[in-house]
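What follows is a set of notes on a single structure, which appears directly below.
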Amino acid sequence: MVQSPISPSKQAFQAATPTAKKVSKLEGIKERSQFLREPVATEIAQDTTHFTEEGIQILKFHGSYQQDNRDNRVKGQEKDYRMMLRTRNPGGLVSPELYLTLDELSDTYGYGNIRATTRQAFQLHGILKKDLKATMAAIIRSLGSTLGACGDLNRNVMAVPAPFKDKPEYVYAREYADRIADLLTPQTSAYYEIWLDGEKAVTSEEHPDVVAARQRNGNGTIVHDSVEPIYGTHYMPRKFKCSVTVPGDNSVDAYTQDVTLVVIVDDNKELLGFNVLAGGGMGRTHNKEETFARVADEIGYVDKDDVYDLLKAIVATQRDYGNRVQRRNARMKYLINDWGVDKFRTKVEEYFGKKIQPYRALPEWKFYDYLGWHEQGDGKLFLGVHIENGRIYDNGAFKIKSALKEIQLRYRLPMRLTSNQSLLLTEIEPADKAEIDRILRSNGIDPEDQINLLHRYAMACPALPTCGLAVTESERVIPSILDRIQALLNKMGLKQEHFVIRMTGCPNGCARPYMAELGFVGSAPNSYQLWLGGSPNQIRLAQPYMQKMNIDDLETTLEPMLAFFKKDRQPSESFGDFCDRIGFEALRDFSTSYVPAKGASGRRRHRVGISGDVYVQLKEAAAEQGVSMAQIAESAIAAYLNH
């Protein structure tokens, strides 16, 4: 157990490894950072276009990743370095003032768009290093924050987004997401020293129970005489993710988190405590079998008065025993997988100082996206707005960015971001409903009942050109992929079918493809691993069906599976449930013997002529989007025919 700041030379965490080994170099970077100050404080003042490697690593704790626009790479020339900024919004709450600030910053310093993430936050892309301080300061002065949005600590705390006022369990979920975020926020003053030159930021007052819990020792949960009483000098071994939800509502992907708390109330809707799930995580590495996606385990139940101490005990267990030697195995999911749930629970109980109570029975989980109009329960309304792949921008007649700006300037509505990259406009007066609908329609935003269901439930990460980890496209190509899948479903007499599809440009799993019914995971340029068998309510892990599928083979790969699904599915059975029930061996056997119907789709073999002017426009659009002209043409034709 670690009772003081970890020193790499002492191998304080060898309990987590069979033999003492040299720790990851990042542990030394964190130790030398003076609690997240250096080298960022020095380098931000330098007239350079980018940060050093050590600066990049500490910058993450401040909520920023250094990237470069890969579309602009030219051999022999310096990269087009840009910074990505991610906000920290517990429970997805974004004030109208903060949103309008982000809108302005995206135009002034960024690429002109905002991205809603899969963890209820916003990202700005394209910030130059020289503009980073001004951008950060503007966010902070608008009562926003980026502190802890990235890095080896607790990230943005998710919560069920629905702003119901007449359902106490939802209110508790939002409240405790805020409190847990406060409890696990870094205590270093470096953030405000660097970005506001030491100016004291206006922040909300912490709940007294949170303040007390941060200092309460609880059998070794805090690091004494440290700026960071919960984290210590070296913070966590790797990222740490939490969420809070209510029984039956899996709008937070509860099983993908390091820790999920599930609100438990009595018959009078008074808060009793929380069920606790732990050990989920999506990230993995291709061809490294020791890395894997994992769903969380049921750990137990905790009374409301003990929830902070239990959470601290879980954090301390990961802090002290998580793998600090090999970063690819540093997430808590690997510790629980190696130890087993019983050993993990026992160690947590040592820090907690008491036994964890048995997990309480819950109703079946369901996924809710909360799109469309809903009553809040206090006479006001909220509206769920679909944001495809989270990208808020204007593109021709589709002007979601302009629409949201106009709505916020006129009505000043708090937002709640969702885990599915969409957003909820809240606190709406019923008298304003018609005008808000008019603004959305006039800017090309369809109502929820007109959104294609494949598109509605799909997610994709940004990938190229901004993400340095991407090996292929994701966000820029998934609309055309979904249109091709819809065309195939139509052709096979499955027009009304829909299922959860998620895509990432690399195996790190930001869009959680390993929980999808059909997941695409980038494995090479224009090629993807194919994952099948996740459940519609996101509680079952998908499995890898194919290691590398060229995207041109999409139809020939999926058609046999869909034919088998149509032939042998059970009543109301989803595609993911079917794949899980029938098994991959049966899927492969059927696919091998499958004879496609005449005229079946496959690789593109047919030509269609277009005018010269359209060809020039098509070529420009393909270059801008980083996709082939054939993909755009096929997507457009499929959309027209399916309209």
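As the structure is a computational prediction, the values presented were derived from the model and not from experiment.
Distance check: L153 CG to F240 CZ gives 11.0 Å after rounding to the nearest 0.5 Å. Atom OH of Y192 and atom CE of M136 lie 11.5 Å apart (nearest 0.5 Å). Taking CG of N69 as the start and CG of L464 as the end, the distance is 10.0 Å to the nearest 0.5 Å. In this structure, the separation between CD1 on I127 and CG on L105 is 7.0 Å, given to the nearest 0.5 Å. Atom CG of L425 sits about 6.5 Å away from atom CD1 of I436, to the nearest 0.5 Å. Between atom CD1 of residue I180 and atom CG of residue L184 there is a gap of 7.5 Å, rounded to the nearest 0.5 Å.
In this model, a donor atom of one side chain and an acceptor atom of the other lie less than 3.5 Å apart for E388 and H455. For the residue pair Q123 / R86, a side-chain donor-acceptor distance below 3.5 Å is found, with atom types taken as modelled. Side-chain contact check for Y370 and D249: at least one donor-acceptor pair (N or O, by modelled atom type) lies under 3.5 Å.
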Full working for side chain to side chain contact (heavy atoms under 4.5 Å, CB included) between M83 and L59: CA-CA 10 Å; M83 308 300 149; L59 187 65; 4.2 Å; yes
Derivation and outcome, side chain to side chain contact (heavy atoms under 4.5 Å, CB included), residues T118 and R512: CA-CA 8 Å; T118 60; R512 300 187 289 274; 3.5 Å; yes
Working for salt bridge (Lys or Arg N to Asp or Glu O under 4.0 Å), residues E427 and R416: CA-CA 11 Å; E427 305 295 331; R416 288 276 177 182; over 6 Å; no
Chi angles and distances behind the side chain to side chain contact (heavy atoms under 4.5 Å, CB included) call for R82, T466: CA-CA 8 Å; R82 303 289 178 131; T466 55; over 6 Å; no
Derivation of the side chain to side chain contact (heavy atoms under 4.5 Å, CB included) call for Q538 and T256: CA-CA 9 Å; Q538 281 93 66; T256 67; over 6 Å; no
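Looking at heavy atoms from C-beta onward, C467 lies out of side-chain contact with P462 at the 4.5 angstrom threshold. Within the 4.5 Å cutoff, side-chain heavy atoms of L383 are placed close to those of L440. By the 4.5 Å heavy-atom criterion applied to side chains, L261 and Y176 are not counted as neighbours. Side chains of I481 and Y528 form no contact here, defined as non-hydrogen atoms less than 4.5 Å apart. Residues S64 and L132 meet the side-chain proximity criterion, which asks for heavy atoms closer than 4.5 Å. Side-chain atoms of R179 and V244, non-hydrogen and from C-beta on, never get closer than 4.5 Å to each other. The side-chain heavy atoms of N89 and L98, taken from C-beta on, include a pair separated by under 4.5 Å. Contact annotation: the side chain of I478 never approaches that of E475 to less than 4.5 Å [non-hydrogen atoms, C-beta and beyond].
Annotation: E205, atom CD; neighbour count of heavy atoms from other residues, nucleotides and ligands within 6.0 Å does not exceed 12. For K405, the NZ atom sits in a loose shell: 12 or fewer heavy atoms of surrounding residues, nucleotides or ligands are nearer than 6.0 Å. For NZ of K60, the number of neighbouring non-hydrogen atoms (other residues, nucleotides, ligands) closer than 6.0 Å is greater than 12. The 12-atom threshold is not exceeded at CD of E104, counting heavy atoms of other residues, nucleotides or ligands nearer than 6.0 Å. The environment of E375 atom CD is sparse: at most 12 non-hydrogen atoms of other residues, nucleotides or ligands sit within 6.0 angstrom.
Nearest heavy atom pair, residue Q376 against residue D166, reads O-OD1, 3.4 Å. Smallest separation of non-hydrogen atoms from S535 and E517: C-CG, 4.2 Å. In this structure, L102 and F122 approach most closely via the heavy-atom pair CD1-CD1, 3.6 Å. The heavy-atom pair separating L100 from Q408 by the smallest distance is CD2-CB, 3.8 Å. Counting all heavy atoms, side chain and backbone alike, I400 lies closest to I392 at CG2-CA, 3.9 Å. Of all heavy-atom pairs between Y170 and A162, the closest is CD2-O, 3.9 Å.
A salt bridge between R456 and E448 is absent, with no side-chain N of the basic residue lying under 4.0 Å from a carboxylate O of the acidic one. Salt-bridge check for D107 with K401: passed, with a basic side-chain N closer than 4.0 Å to an acidic carboxylate O. Salt bridge R476/D71: present, at least one basic N to carboxylate O contact under 4.0 Å. Of the charged side-chain nitrogens involved, none lies within less than 4.0 Å of a carboxylate oxygen, so that E97 and R141 do not count as a salt-bridged pair. Between K491 and E555 there is no salt bridge, since no side-chain nitrogen of the basic residue lies less than 4.0 Å from a carboxylate oxygen of the acidic one.
For the pair N443 (side chain) and I439 (backbone), a donor-acceptor distance under 3.5 Å is present. When atom types are taken as modelled, the side chain of T418 and the backbone of S422 share a donor-acceptor pair closer than 3.5 angstrom. Remark: side-chain polar atoms of T135 are paired, donor with acceptor, to backbone N or O of D131 under 3.5 angstrom. Under the 3.5 Å distance criterion, the side-chain polar atoms of N452 are matched with a main-chain donor or acceptor of L454. With hydrogens and angles disregarded, no donor-acceptor distance shorter than 3.5 Å links the side chain of N508 to the backbone of C510. Although no hydrogens or angles enter the test, the distance criterion places no donor-acceptor pair under 3.5 Å between the side chain of S145 and the main chain of R88. Remark: the backbone N or O of R391 is not paired with any side-chain donor or acceptor of N389 at under 3.5 angstrom. Although no hydrogens or angles enter the test, the distance criterion places a donor-acceptor pair under 3.5 Å between the side chain of T472 and the main chain of N526. Remark: the backbone N or O of P507 is paired with a side-chain donor or acceptor of Y514 at under 3.5 angstrom. A side-chain donor-acceptor contact under 3.5 Å links N250 to the backbone of N537.
Under the rule for a side chain to side chain contact (heavy atoms under 4.5 Å, CB included), the partners of T49 that lie at least two apart in sequence or sit in another chain are E78, Y81.
Ring geometry, Y457 versus H498: the interplanar angle falls under 30°, so the pair is classed parallel (tilted spans 30 to 60°).
Across T87, L413, L423, L417, a single residue satisfies side-chain contact (heavy atoms from CB on, under 4.5 Å) together with V94, and that is L417. Checking R119, K241, R502 one by one against D253, the salt bridge (Lys or Arg N to Asp or Glu O under 4.0 Å) holds for a single residue, R502.
For an aromatic pair to be called close, the ring centres must be under 6.0 Å apart, and F61 with Y191 fails this.
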